[in-house]
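Values below: every heavy atom of this structure, side chains too, minus hydrogens, waters and symmetry copies. In this text the structure is predicted, and so the values were computed from the model without any measurement.
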Amino acid sequence: MAKSPVAHVPMLKRLVSCLLASTALATLVTPLALAEETHALKDTPYPGTLSVDVDMREAARKIFNVHETIPVKAGALTLRYPKWIPGEHSPSGTLDNITGVKISAGGKTLAWRRDLIDMFALNLQVPEGVSRIDVDFQFLSPVGGGEFGQSTSATPHLAELEWNQVAFYPAGYAVRQIPVQASIRVPQGWQFATALDRAAEKDGATHFATVSLEQLVDSPLFTGQYVKRIDLTPGAAVPVYLNVFGDRAGNLELKPEQIEQHRNLVKQAVALFGAQHYGHYDFLLAVSDNTGSFGLEHHQSSDDRIDADFFTDPEMYLQGAGLLPHEYVHSWNGKFRRPAGLATLDYSAPMEGDLLWVYEGLTEYLGNVLTARSGMWNADQYRDALAVTAAQMDHVPGRTWRNLQDTADNAQRLYYTPRAWMSENRRVDYYPEGELLWLDVDTKIRELSNNARSLDDFTHAFHGIQNGSMKVVSYRFEDIVETLNKVQPNDWRSFLRQRLDSHEAGAPLGGIARGGWKLTYTDTASATYKAMEKANKVTDRSFSLGAKISAEDKGAVIDVIWGSPAFEAGLAPGMKVIAVNGESYSGEELDAAIAEAMKTHKAIELLVKNTSVYSTLHLAYYGGQQYPHLTRVDGTADRIGAITAAK
């Protein structure tokens, strides 16, 4: 039956009403570009204090409930969620873990719309008469995988909170100018540690002293059921604490000598730099097999996560001992002195990583030196670790197309590239090769000055200024060159640029040679090498066959050195070795085959699976086991020994 014209009138009215509503919404939700014009970035105080209240009582379910209040004024407003996270050197903000976002004012819901270009920005219109908005949402703590804050951070017994995960903030102001008053609720019976100062306990919540958003994000919080807090500087005016969290009480059993070594770490670091740039410092260390494993630097604390048996298994302690020294060095190198390209004013601003060979490379070098000076490593263990680094960097054919500088320039991508074909594609080599570069610098200073000066003099001149100040002092390449020249005159610009821009096939091993040692290989693995294999759950035959095979996923090929015997035989990452010379694969069978091939000069036969396809590869390698070591060069000065000696 046909409808009469009159029957269409209500429908037309509804259509007009919808069009008007759409127009109103378009006016209500301002595009980001328009909001940015209204709120150009200001390095002046934000008018009002934000509050961020985080309820972690559902941490075991990996749910953090968040309530924010944000002072505002009527008009267009853009709220940002942190995108570029300091220390992660990439746009790694955990936006995908945010759910249930509701924005309201006076109990009334406000419409918002995500920006079409910047997914980390929400645009809305604040009505007249509204001076404060409420933002409620849940942060779903990661379940697994990912790097840094994208990795698992909560278990039934502990949880780790990075404040950038739980805070939206108004665009237009430098984050150091936005004051925030934060509070936290944790599960019954749990304790917590953070560099933030407590202000009050109220309604079951702990309220912290007001800080800038920058300082809040720079002050992570660990909470848990099993906690041990150790004073590393008893009676000192500037205290340093080691806060250890675990899934079991037994993981917190530190030996007296381990405590003493961490106390030595503080003493040696202060001696190295000649200043402290924190009012107090808290190591936040999770020893758990159920969270991510990494370290992330902060000015007055560090977010450190390592295997559960770190303190109770000597091999794990040997392998992981450099973690805390590395992150501690960052308080000076990375947080206080920071490359200009990384000293951004807002978490939406892209970071430039061109000086990460200083930020991370120098930290890797100094962190390992402090590991030795504190006694966590002895001199032999330091050299064994350095030998592994040197060998790894000397087996990187990819350096002929990608130089060290490009690994820093491309850092924001390389952190997240697959761990396959690393020798050809290269990853964040400014850490390990940066260590070799700065050893080169240190030994060169010692050589030119007849051992009267060293890199310690550089750290005093560069990082030891303005004792007690936490204000970031940025730098550029020229500042590095200038300070080195003040310590020891030399053409440091050419010295550094040659190593940064080189496409030579071999690694820069000049520092080892000038240090009185040389890289050699034997058929016996060092204790350090064995500990590395155990911690990483691998059978690493990179320097013989040219392959790294998983010991956890038995036979799975993790990586193959480009151009190595394994590469030439056809082996590739992602394959799985099923059998070696007709026997079921195991690390022991592989090593037996390497020994047999050396005696008989017959190729090693590998049965491999590539997805669903099986094939037999013949690996023509007859050189036996090859494990890296440093060997003393007679008649030379042992500068490496001098470098690692406690001060």
Query raised in the report: Considering only heavy atoms from C-beta outward, does the side chain of Lys335 approach that of Ser302 to under 4.5 Å?
Result: no
Report task. Rounded to the nearest 0.5 Å, what's the gap from CE on Met376 to CG on Asn368? Could you check? Result -> 11.5 Å
Query - Interatomic spacing from CG in Asn333 to CD in Glu297 - rounded to 0.5 Å - result: 9.5 Å
Query - Atom CZ of Arg497 with >12 non-hydrogen neighbours under 6.0 angstrom - result: yes
**Report entry** Within-4.5 Å side-chain heavy-atom neighbours: His298 and Asp303
**Finding:** yes
Requested in this report: Look at the rings of Phe336 and His277 and say which category their plane angle falls in: under 30° parallel, 30 to 60° tilted, over 60° perpendicular.
Outcome: parallel
Query raised in the report: Any side-chain donor-acceptor pair under 3.5 Å between Tyr278 and Ser301?
Result: no
Query raised in the report: More than 12 foreign heavy atoms under 6.0 Å from NZ of Lys486: is that the case here?
Result: no
Query raised in the report: Heavy atoms, side chains only, cut-off 4.5 Å: are Val52 and Phe208 in contact?
Result: no
Query raised in the report: Passes salt bridge (charged side-chain N to carboxylate O under 4.0 Å, His left out), Arg176 versus Asp43? Steps please.
Result: CA-CA 8 Å; Arg176 65 188 180 193; Asp43 197 8; 2.5 Å; yes
**Report entry** Any donor-acceptor N/O pair, Ser469 side chain to Gln466 backbone, under 3.5 Å
**Finding:** no
Requested in this report: Over all heavy atoms of both residues, which pair between Trp84 and Pro350 is shortest? Give the atoms and the distance, please.
Outcome: CE2-CA, 3.4 Å
Query raised in the report: Under a 4.5 Å cut-off applied to non-hydrogen side-chain atoms, are Leu161 and Thr223 in contact?
Result: no
Requested in this report: For side-chain contact (heavy atoms from CB on, under 4.5 Å), just list the numbers for Tyr81 and Thr94, CA-CA rounded to whole Å, side-chain angles, deciding distance to a tenth of an Å, and then say yes or no.
Outcome: CA-CA 9 Å; Tyr81 185 77; Thr94 50; 2.9 Å; yes
Report task. Give, for atom CG of Leu356 and atom CG of Asn410, the distance between the pair rounded to the nearest 0.5 Å. Result -> 11.0 Å
Report task. Indicate yes or no for a side-chain donor-acceptor contact from Gln488 to the backbone of Arg453 under 3.5 Å, with no hydrogens or angles considered. Result -> no
Requested in this report: Output yes when a side-chain donor or acceptor of Asp218 lies under 3.5 Å from a complementary backbone atom of His299, and no otherwise.
Outcome: yes
Query raised in the report: So does Glu162 pair up with Arg305, basic N to acidic O under 4.0 Å?
Result: yes
Requested in this report: Mind listing the closest non-hydrogen atom pair of Leu284 and Phe222 along with its distance?
Outcome: O-CE2, 3.4 Å
Report task. Please determine, by modelled atom types, if Thr194 and Arg198 share a side-chain donor-acceptor pair under 3.5 angstrom. Result -> no
Requested in this report: First locate atom OG1 of Thr371, then atom CG of Asn264, and finally report the distance between them rounded to the nearest 0.5 Å.
Outcome: 12.0 Å
Query raised in the report: Counting distance only, does the side-chain N/O of Asn485 pair as donor-acceptor with the main-chain N or O of Glu482 below 3.5 Å?
Result: no
Requested in this report: Report yes or no: do His326 and Glu360 form a side-chain donor-acceptor pair below 3.5 Å?
Outcome: yes
Requested in this report: Give a yes or no answer on whether the side chain of Asp313 reaches the backbone of Glu315 with a donor-acceptor pair at less than 3.5 Å.
Outcome: yes
Requested in this report: Evaluate the side-chain proximity of Leu630 to Leu386: yes if any heavy-atom separation is below 4.5 Å, no if none is.
Outcome: yes
Query raised in the report: Are the side chain of Arg499 and the backbone N or O of Leu496 linked by a donor-acceptor pair below 3.5 Å?
Result: no
Query raised in the report: Can Asn451 and Arg639 be counted as having a side-chain donor-acceptor contact under 3.5 angstrom?
Result: yes
Requested in this report: Taking only Lys NZ, Arg NE, NH1 and NH2, and the carboxylate oxygens of Asp or Glu, determine whether Glu147 and Arg419 approach each other closer than 4.0 Å.
Outcome: yes
Report task. Evaluate the side-chain proximity of Phe462 to Ile480: yes if any heavy-atom separation is below 4.5 Å, no if none is. Result -> yes
Query raised in the report: Tyr328 vs Trp332 aromatic rings, parallel, tilted or perpendicular, using cut-offs 30° and 60°?
Result: perpendicular
Query raised in the report: Between Asp479 and Arg476, is any pair of side-chain heavy atoms under 4.5 Å apart?
Result: yes
Query - Full working for side-chain contact (heavy atoms from CB on, under 4.5 Å) between Leu196 and Trp163 - result: CA-CA 11 Å; Leu196 296 172; Trp163 292 97; 3.8 Å; yes
Query raised in the report: Where the side chain of Asn243 meets the backbone of Phe283, is there a donor-acceptor pair that is under 3.5 Å apart?
Result: yes
Query raised in the report: Would you call Asp282-Arg229 a salt bridge at under 4.0 Å N-O?
Result: yes
Query raised in the report: Say you draw a straight line from CG of Asp491 to CG of Leu484; how long is it, rounded to the nearest 0.5 Å?
Result: 11.5 Å
Requested in this report: Determine the minimum heavy-atom distance between Tyr430 and Ala411, stating which atoms define it.
Outcome: OH-CB, 3.4 Å
Query raised in the report: Does Ser92 offer a backbone N or O that forms a donor-acceptor pair with the side chain of Gln150 under 3.5 Å?
Result: yes
**Report entry** Leu324 side chain near Leu242 side chain, heavy-atom distance below 4.5 Å
**Finding:** yes
**Report entry** Short side-chain to backbone donor-acceptor contact, Gln268 and Ala646, under 3.5 Å
**Finding:** no
Requested in this report: Count the heavy atoms belonging to other residues, nucleotides or ligands that lie under 6.0 Å from NZ of Lys471, then report whether that count exceeds 12.
Outcome: no
Query raised in the report: Quick one: NE2 on His89 to OH on Tyr415, what's the gap to the nearest 0.5 Å?
Result: 4.0 Å
**Report entry** Carboxylate-amine/guanidinium proximity below 4.0 Å for Arg493 and Glu478
**Finding:** yes
Report task. Could you tell me whether a side-chain N or O of Asn467 sits under 3.5 Å from a main-chain N or O of Gln276, the two making a donor and an acceptor? Result -> yes
Query raised in the report: Should Val396 and Met393 be marked as a side-chain contact (heavy atoms from CB on, under 4.5 Å) after you check the CA-CA gap, both sets of side-chain angles, and the distance that decides it?
Result: CA-CA 6 Å; Val396 180; Met393 292 299 97; 4.1 Å; yes
Requested in this report: Please state whether the rings of His330 and Tyr359 are parallel, tilted or perpendicular, taking 30° and 60° as the class boundaries.
Outcome: tilted
Report task. If the plane angle is over 60° it's perpendicular, under 30° parallel, otherwise tilted; pick one for Phe311 and Tyr317. Result -> tilted
Query raised in the report: Is it true that Asp442 and Arg446 make a salt bridge, defined as a side-chain N closer than 4.0 Å to a carboxylate O?
Result: yes
Query raised in the report: Quick one: does NZ or CZ of Arg337 land under 6.0 Å from the six-membered ring centre of Tyr475, within 45 degrees of the ring axis?
Result: no
Requested in this report: Search all heavy atoms of Val175 against all heavy atoms of Tyr169 and return the closest pair with its distance.
Outcome: CG1-CE1, 4.0 Å
Query raised in the report: Of all heavy-atom pairs between Ala507 and Leu436, which one has the smallest distance, and what is that distance?
Result: CB-CD1, 4.3 Å
Report task. Check Gly48 against Pro179 and note the closest heavy-atom contact, atom names and distance. Result -> O-CG, 3.2 Å
Query - Residues in salt bridge (Lys or Arg N to Asp or Glu O under 4.0 Å) contact with Asp380, at least two apart in sequence or another chain - result: Arg383
**Report entry** salt_bridge(Arg632, Asp634) N-O dist < 4.0 Å
**Finding:** no
Query raised in the report: Does the pair Val217 and Tyr347 meet the rule for a side-chain contact (heavy atoms from CB on, under 4.5 Å), with working shown?
Result: CA-CA 10 Å; Val217 168; Tyr347 301 132; 3.4 Å; yes
